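See structure below.
Numbering of ligands and ligand atoms starts at 1, following listing order. Predicted model only: the values in this text are computed from it and were never measured.
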Amino acid sequence: MKSLGYYNGKTGPINEMCIPMTDRAFYFGDGVYDAVMCRNNIPYLLWEHIDRLYSNCRLLGIIPPMCKNELSLTIKELVEQVEGEEKFVYFHVSRGSGIRNHSFTKGEGNLCIMIKPQALDNVYEKMDTVLKDDIRYELCNIKTLNLLPSVLTAQAATEKGCEEAILHRNGIVTECSHSNVSILKNGSLITAPCDRFILPGVTRAHLISVARENGIDVCERKYTVEELMSADEIIVTSSSKMARGVKSVDGRAVGGRDENTLSVLRDTLYINYLNATNI
Ligand code: PLP
């Protein structure tokens with residue numbers, strides 16, 4: 001099969017799957033999601049993404065319809081049914097179903113999984129970006145289905161021929177529309193702290209570990225747009241990008257002053273992905 005959809009136990013090609021109108025994901029975006037890259041039928045770092053999904057469910061009072069182990073096994077069974085060496089696996093749990101009413105529905109959530117062929121980004125290609133106001137609300141640490149501000153800023157980037165929108169709140173850099181962003185300055189890795197303004201990215205956490213393992217100083221602190229623009233390198237991280245350098249922000253050339261440290265971080269993350277043998 002070229003793509004696969006799953007909804008509460010039913011499977012089929014993604015564009016033939018149907019979801020009931022009563023699903024609260026449809027009215028309210030009332031649910032949480034996660035996503036992983038999958039290579040040679042190994043969903044990369046699946047357990048860390050499942051952990052985040054379940055802790056997000058806990059934070060919002062959503063009851064997943066199965067345990068973590070069962071979800072892991074279900075995803076692994078489904079990826080076998082889709083063709084291709086590299087795939088993208090998306091999974092979400094909505095709060096459940098009911099006639100439209102803002103107050104919570106009781107009972108278990110609905111599980112939706114989508115798998116499609118998708119290659120990892122070319123990690124060696126630096127990207128063009130735009131800078132945008134972070135117009136999201138204050139639960140950015142939870143990976144909810146409410147993504148309208150991210151959709152709008154991502155579209156603004158696309159319309160400028162760029163791959164990402166770097167977001168800031170009153171001059172303080174938070175993250176990107178669908179990635180985290182960090183900078184290198186004088187040999188240190190500087191990255192926004194995990195608070196309610198950024199998603200604690202799995203790739204960001206690995207970037208930090210790899211930096212520490214390689215003796216690179218790591219500073220989790222707020223940094224400004226000014227620091228971003230004068231950084232030695234800007235690094236964008238996510239599961240489908242791993243770690244990629246940035247070559248421009250709003251058409252202005254940036255980075256390019258610490259290719260060595262960038263390559264240590266980028267190449268180690270990439271090699272770990274290529275060598276993954278299990279979750
Ligand atoms: N920040 C946002 C807003 C995201 O949507 C994503 C990924 O979807 C990330 C960061 C990166 O997270 P991860 O590295 O876990 O894929």
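Closer than 4.0 angstrom to ligand 1 lie heavy atoms from Y33, H49, R52, R136, K143, E175, C176, S177, H178, S179, N180, L199, G201, V202, T203, T237, S238, S239.
In this model, no donor atom of one side chain and acceptor atom of the other lie less than 3.5 Å apart for T237 and T203.
Between Y270 and Y273, the angle of the ring planes stays under 30°, which puts this pair in the parallel group of the 30/60° scheme.
Cluster partners of F197, using a side-chain heavy-atom cutoff of under 4.5 Å among ILVMFWY residues and allowing indirect links: none. With a 4.5 Å cut-off between side-chain heavy atoms of Ile, Leu, Val, Met, Phe, Trp and Tyr, the cluster of M229 takes in M127, L131, I166, V173, V181, I183, I190, Y223, V225, L228, I234, V236, V246, V249, V254.
In this structure, D133 and H168 have side chains that are in contact, with non-hydrogen atoms separated by less than 4.5 Å.
Partners of Q118 according to the side chain to side chain contact (heavy atoms under 4.5 Å, CB included) rule, which considers only residues two or more places apart in sequence or in another chain, are M37, F88, K116, S240.
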